[in-house]
Structure formats: C-alpha cells, structure tokens
Amino acid sequence: MATSVRAAADGTPPPAPPPPPASRKPTPTPARTGRRSRLYRWDLKATPYAFVAPFFLCFAAFGLFPLIYTGWLSLHRVELGGEAEWRGFDNYTALWDSDFFWNALANTFTIGVISTVPQLLMALGLAHLLNYKLRGRGFFRVAVLAPYATSIAAATLVFAQLFNSDYGLINTMLGWVGFEPVSWESSRWPAQIAISVIVTWRWTGYNALIYLAAMQAVPQDLYEAASLDGASRWRQFISITIPSIRPTILFTIVVSTIGATQLFGEPMLFGGSLGVSGGSGNQFQTLSLLMYEKGWVTGALGQASAIAWVMLLLLLLIGGLRLVAGRVNRRKSGA
C-alpha cells in the first residue's frame with residue numbers, strides 16, 4: 001500500500017501485479033505417446049472398414065449365403081419338407097434334356113429381343129426430343145417417368161384387359177380396320193408381343209431419362225461446329241450424339257438384357273390362372289416362371305436351384321460380353 005501511495009505521489013504508475021504462476025502440464029511419457037500413435041493409426045485404418053461393414057454384412061446374409069446355399073441345393077434332390085439327397089450334376093443334365101427348359105430359354109430370349117430393341121430405340125428418340133428447348137419440357141420429363149413409377153401388377157392387369165381376346169380394346173380397334181380378332185393369350189407370338197408391349201411401356205421413359213442425362217453432358221461446341229458446317233439435326237444425332245453416348249447405350253443394353261432374363265411379374269399376371277405355366281401351351285413361360293413352377297408348384301427345389309444357377313451363369317456371360325465390348329470401345333476411342 002505504501003508503495004502504491006508513494007508511486008501516486010511521484011506521478012509514476014504503480015507496478016503491475018506479478019503474474020499468476022503458470023500451470024505446469026505433465027510431460028507425456030514415451031509409452032503414452034506410442035500408445036496414442038498406435039490408436040491413431042488403428043483408427044485411421046479401421047474407420048473406413050467400419051463404415052462399409054454394414055453393407056457387406058447385409059450382402060453376406062441376404063446375397064452371398066443364399067447364392068452359395070442355392071448352389072448347394074442344385075447338387076441335391078430336395079423336396080419340400082424332405083431331406084436333401086446328393087445327386088451331383090443330375091439336375092443340370094435333366095435340364096439339358098428337358099424340352100420345358102429349352103422352351104423357357106427360347107421364350108426368354110425372344111421376349112427380351114422384341115421388348116429391349118423397340119424400348120431402347122424409342123428411348124433414344126424421346127431423349128433426343130427432350131434434349132431440345134421445348135415448351136413444358138419439365139412436364140414431359142416427369143410424364144415419361146410416370147410408367148416406371150406405376151406398379152407392375154396395376155400396369156399388367158390394365159394391359160391384360162386391353163389385350164383380352166373377347167372384349168379387349170385392341171381387338172376392337174383391329175376389327176374397325178377389318179382384321180380378325182387375335183388370340184393374344186393362347187397364341188405364341190401374339191402373347192409374347194403383348195408382354196413385350198407391357199415391358200416396353202414401363203421402361204422406355206426410364207431409359208430415356210438416362211439417355212437425356214448423357215446427352216446433356218455432350219459439349220455444345222460440337223453441335224455449333226456441325227451447324228456451321230451445314231449438318232442437319234439428323235446428321236448431328238448420328239455423327240455426334242450417338243458416338244458421344246455410346247457407353248451409356250451399352251450400359252442400358254446390358255441392364256435391359258439382365259431385366260429381360262429375370263422377367264417374371266408381367267407374364268405371370270398376364271396369364272392369369274395359367275400364368276405360372278406360361279399359358280396353356282407354355283407359349284410365354286420364361287426361365288423365372290419355370291424356376292417358380294419347379295420350386296413352389298411341383299416342389300422340386302433342387303431343379304429350381306439349378307435353373308437359378310443357369311440364370312446366374314447367363315448374367316455373368318452378359319456381363320463378360322459387356323466388359324469385352326467396353327474394352328473394344330475404349331481401344332477405338334484411343335485410336
């Protein structure tokens with residue numbers, strides 16, 4: 001106090017109070033530092049695997065295990081509620097000698113072709129139109145996606161009424177122009193065409209939006225340069241658009257082919273009470289329908305599992321062809 005009074009009397013500022021004693025942090029020991037470093041490295045390496053672990057656990061439980069178990073069943077004679085009896089490759093040789101299997105394979109191929117080819121061609125045309133500046137373009141983009149959002153059951157039941165042989169609208173319109181009624185359900189090719197129409201109607205808009213997204217990524221400078229050279233819109237579409245979106249076209253071909261291989265809901269609902277067998281003469285029975293009939297109608301789970309593995313091998317073959325085509329495409333682009 002005396003020092004403060006004396007400093008005030010002399011006109012000098014009082015001295016600053018001494019700083020509080022600094023808290024001394026404990027020096028980390030080498031053992032603690034090494035442990036923290038190891039924990040940090042473990043966290044850095046293990047955290048990504050922890051994030052992706054739920055997916056792989058779900059895939060192992062609901063994807064890998066059923067796949068392996070189905071392969072095991074395909075090598076046995078299994079009846080519903082019975083014991084498994086080892087048969088080796090007898091189920092596969094039985095499929096090789098079965099006319100029903102080859103008929104289902106042929107139906108799957110033909111329905112896939114007559115539904116995939118028109119579907120993708122129409123999708124390309126729709127995407128090309130929607131790529132231009134049209135009035136109400138947003139509305140049309142939503143409208144083409146509406147069939148994809150429709151339930152398979154609802155769409156198939158509506159088309160089944162349209163293709164009804166007795167009172168369907170399609171036969172009525174054919175009668176207006178002088179054609180005889182068509183037996184859409186009992187004849188082979190008419191039934192497959194009707195099912196293909198359902199598939200085409202449902203998936204065309206979905207593929208059109210995929211093509212549209214790819215077309216919008218094409219540089220506009222290419223179109224401007226082609227316009228200056230006098231190229232028409234058709235020439236621009238053939239020479240610029242198609243080569244630029246070739247990988248996307250290949251992708252949609254593979255995906256549509258896989259979907260056609262697994263076709264189940266449309267033919268089953270279209271056939272009504274005979275949908276499982278693909279009509280009265282198996283005229284539109286696909287591999288998926290044959291697998292369902294073998295497994296849950298006749299109870300031959302071993303044969304159904306063999307059909308499932310044959311479908312898997314077909315899908316792997318399609319995927320391999322897609323990889324080969326992709327490599328060839330990249331080599332041509334590089335050249």
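Counting from 1, the numbers follow the sequence of the chain as shown. If you're wondering where the values come from, they're calculated on a predicted model, not measured in any experiment.
- Looking at L287, L314, L289 one by one, the single match for side chain to side chain contact (heavy atoms under 4.5 Å, CB included) with T108 turns out to be L287.
- Each of N171, V182, I170 was checked for a side chain to side chain contact (heavy atoms under 4.5 Å, CB included) with S165, and the lone residue meeting it is N171.
- Side-chain contact between E224 and D221: present, with at least one pair of heavy atoms (C-beta onward) separated by less than 4.5 Å.
- Side-chain contact between Q262 and L315 is present, with heavy atoms from C-beta onward closer than 4.5 Å.
- Side-chain contact between W201 and V158 is absent, with no heavy atoms from C-beta onward closer than 4.5 Å.
- Linking Ile, Leu, Val, Met, Phe, Trp and Tyr whenever their side-chain heavy atoms come within less than 4.5 Å leaves Y211 and L250 in two separate clusters.
- Separation of atoms OG1 (T70) and CG (L301) is listed at 10.0 Å; rounding is to 0.5 Å.
- Dense packing is recorded around CD of E85, with more than 12 heavy atoms of other residues, nucleotides or ligands lying under 6.0 Å away.
- Within a 6.0 Å radius of CZ in F140, no more than 12 heavy atoms belonging to other residues, nucleotides or ligands are found.
- No continuous path of hydrophobic side-chain contacts links V117 to L124 [ILVMFWY only; heavy atoms under 4.5 Å].
- Considering only heavy atoms from C-beta on, S288 comes within 4.5 Å of M311 through its side chain.
- No more than 12 heavy atoms of other residues, nucleotides or ligands lie within 6.0 Å of CG in D99, so this atom counts as exposed by the packing criterion.
- Between W184 and F163, the two ring planes are perpendicular [angle over 60°; tilted spans 30° to 60°].
- At a threshold of 4.5 Å between non-hydrogen side-chain atoms, the residues W309 and L67 count as touching.
- Cluster membership check: L312 does not share its hydrophobic cluster with I318, using side-chain heavy-atom separations under 4.5 Å among Ile, Leu, Val, Met, Phe, Trp and Tyr.
- Considering only heavy atoms from C-beta on, Y223 comes within 4.5 Å of V218 through its side chain.
- The number of heavy atoms from other shown groups lying within 6.0 Å of CZ (F100) does not exceed 12.
- There is no path of hydrophobic side-chain contacts, each under 4.5 Å, that joins L121 to I242.
- The shortest distance between side-chain heavy atoms of S305 and N91 does not fall below 4.5 Å.
- In W234, the CH2 atom is not crowded: 12 or fewer heavy atoms of neighbouring residues, nucleotides or ligands sit closer than 6.0 Å.
- Summarising the local packing, CZ of F237 is surrounded by more than 12 heavy atoms from other residues, nucleotides or ligands at distances under 6.0 Å.
- Around atom CH2 of W72, more than 12 heavy atoms belonging to other residues, nucleotides or ligands sit under 6.0 Å away.
- Between atom OH of residue Y206 and atom CG of residue L145 there is a gap of 9.0 Å, rounded to the nearest 0.5 Å.
- Within a 6.0 Å radius of OH in Y92, other residues, nucleotides and ligands contribute more than 12 heavy atoms.
- Atom CD of Q303 is separated from atom OG1 of T298 by 6.5 Å, given to the nearest 0.5 angstrom.
- Cluster annotation: V144 is connected to W203 through the hydrophobic network of ILVMFWY side chains, with a link wherever side-chain heavy atoms come within less than 4.5 Å.
- Aromatic ring pairs are classed by plane angle as parallel below 30°, tilted from 30° to 60° and perpendicular above 60°; the pair F65 and Y69 is parallel.
- For the pair R202 and F159, the cation does not sit on the ring face, since its NZ or CZ is not both under 6.0 Å from the ring centre and inside 45° of the axis.
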